[in-house]
Amino acid sequence: MKDVPTKISFFEMLTPFVASGKKTITIRDESECHYVPGTQVEVYTLETNIKVCDIKIESVEPILFSEINEFHAQQEYLELPKLKEIISKVYPNTEQLYVISYKLV
Ligand SMILES: CC(=O)Nc1ccn([C@@H]2O[C@H](CO)[C@@H](O)[C@H]2O)c(=O)n1
């Protein structure tokens, strides 16, 4: 079996929203879509590699960049234009993405 990832990093500025349960999804590219529903994952800050909390993966669903809407922005705890701006910077010219939803452990 392929190794199941047990760690995920978020931009430091967003980690308080993950740790408080306000941000319940993240949208990633193919390289980060191998999380498995039901597994527990450690959340770290991307810049400083500090552990923030543990989450449990609920689902991993494909989505196209062009399909990202207000509903996703709410779950991301971000304004839609800001969310699309961040995603286009992190994953330039990438149409195929994945919505990873999770719960705090
Ligand atoms: C290594 C790496 O790519 N790290 C990332 C990538 C994305 N994100 C956030 O996920 C959501 C959708 O992209 C938005 O809230 C982004 O700010 C993040 O925090 N850290």
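We use all heavy atoms of the structure for the numbers below, so side chains are in, but hydrogens, waters and symmetry mates are not.
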Which pairs of donor and acceptor atoms, one on a side chain in residues 77-84, lie under 3.5 Å apart (sequence neighbours left out)?
none

- Item | Cluster companions of Val52 among Ile, Leu, Val, Met, Phe, Trp, Tyr (side-chain spacing under 4.5 Å) | Ile8, Phe10, Val18, Tyr35, Val41, Val43, Ile55, Ile57, Val60, Tyr98, Ile100, Tyr102, Leu104

- Straight-line distance of Ser101 OG to Lys56 NZ, nearest 0.5 Å: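 These two atoms lie 12.0 Å from each other.
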
- Glu76 versus Ile27: any side-chain heavy-atom pair under 4.5 Å?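 Yes - at least one pair of side-chain heavy atoms lies under 4.5 Å apart.
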
- Just jot down the side chain to side chain contact (heavy atoms under 4.5 Å, CB included) partners of Ser88, sequence neighbours excluded, or say none.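 For Ser88 the side chain to side chain contact (heavy atoms under 4.5 Å, CB included) partners, ignoring immediate neighbours, are Phe65.
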
- Query: Is a donor on one side and an acceptor on the other found under 3.5 Å between the side chain of Thr39 and the backbone of Pro37?
  - Reply: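 No: the side chain of Thr39 does not pair with the backbone of Pro37.
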
- Query: By the rule that ILVMFWY residues connect when side-chain heavy atoms come within less than 4.5 angstrom, directly or transitively, which residues belong alongside Ile50?
  - Reply: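 Hydrophobic cluster check, Ile50: no partners found.
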
- Set of salt bridge (Lys or Arg N to Asp or Glu O under 4.0 Å) partners for Glu58, sequence neighbours left out: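 Per chain and number, Glu58 pairs via salt bridge (Lys or Arg N to Asp or Glu O under 4.0 Å) with Lys103.
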
- CD1 of Ile63 to CD of Glu61: how many Å apart, nearest 0.5 Å?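 Ile63 CD1 to Glu61 CD: 9.5 Å, rounded to 0.5 Å.
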
- Message: Please list all pairs meeting salt bridge (Lys or Arg N to Asp or Glu O under 4.0 Å) that have one or both residues in residues 26-37, counting only residues at least two apart or in different chains.
- Response: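 The answer is Arg28-Glu32.
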
- Task: With sequence neighbours excluded, tell me which residues meet side chain to side chain contact (heavy atoms under 4.5 Å, CB included) with Glu12.
- Result: Thr45, Glu47, Thr48

- Message: When you group the ILVMFWY residues by side-chain heavy-atom contacts below 4.5 Å and let the links chain together, are Ile68 and Phe11 in the same group?
- Response: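 Yes; Ile68 is reachable from Phe11 via cluster members.
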
- When Ile, Leu, Val, Met, Phe, Trp and Tyr are grouped by side-chain heavy atoms lying under 4.5 Å apart, directly or through other members, which residues fall in the same group as Phe71?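 Noted: Phe71 shares its cluster with no other residue.
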
- Tell me whether Val36 is reachable from Val105 by hopping between hydrophobic residues (I, L, V, M, F, W, Y) whose side-chain heavy atoms are closer than 4.5 Å.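 Looking at the clustering, Val36 is in a separate group from Val105.
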
- Item | Euclidean distance, Gln74 CD relative to Thr24 OG1, rounded to 0.5 Å |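 The OG1 atom of Thr24 sits 10.0 Å away from the CD atom of Gln74.
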
- Item | Connected via hydrophobic side-chain network under 4.5 Å: Val90 and Val99 |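 They do share one cluster, since a chain of ILVMFWY contacts under 4.5 Å joins Val90 to Val99.
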
- Message: Could you work out, with salt bridge (Lys or Arg N to Asp or Glu O under 4.0 Å) as the rule, every residue matching Lys51, not counting sequence neighbours?
- Response: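 Per chain and number, Lys51 pairs via salt bridge (Lys or Arg N to Asp or Glu O under 4.0 Å) with Glu42, Asp54.
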
- Applying side chain to side chain contact (heavy atoms under 4.5 Å, CB included), name anything that partners Lys7, two or more places apart in sequence or on another chain.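 Here the qualifying residues are Ser9, Tyr44, Asn49.
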
- Message: Quick test of your reading: applying salt bridge (Lys or Arg N to Asp or Glu O under 4.0 Å), list the pairs with at least one residue in residues 13-22, sequence neighbours left out, ordered by first then second residue.
- Response: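 Matches after skipping sequence neighbours: none remain.
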
- Task: Applying side chain to side chain donor-acceptor pair (under 3.5 Å), name anything that partners Glu85, two or more places apart in sequence or on another chain.
- Result: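 Here the qualifying residues are Lys89.
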
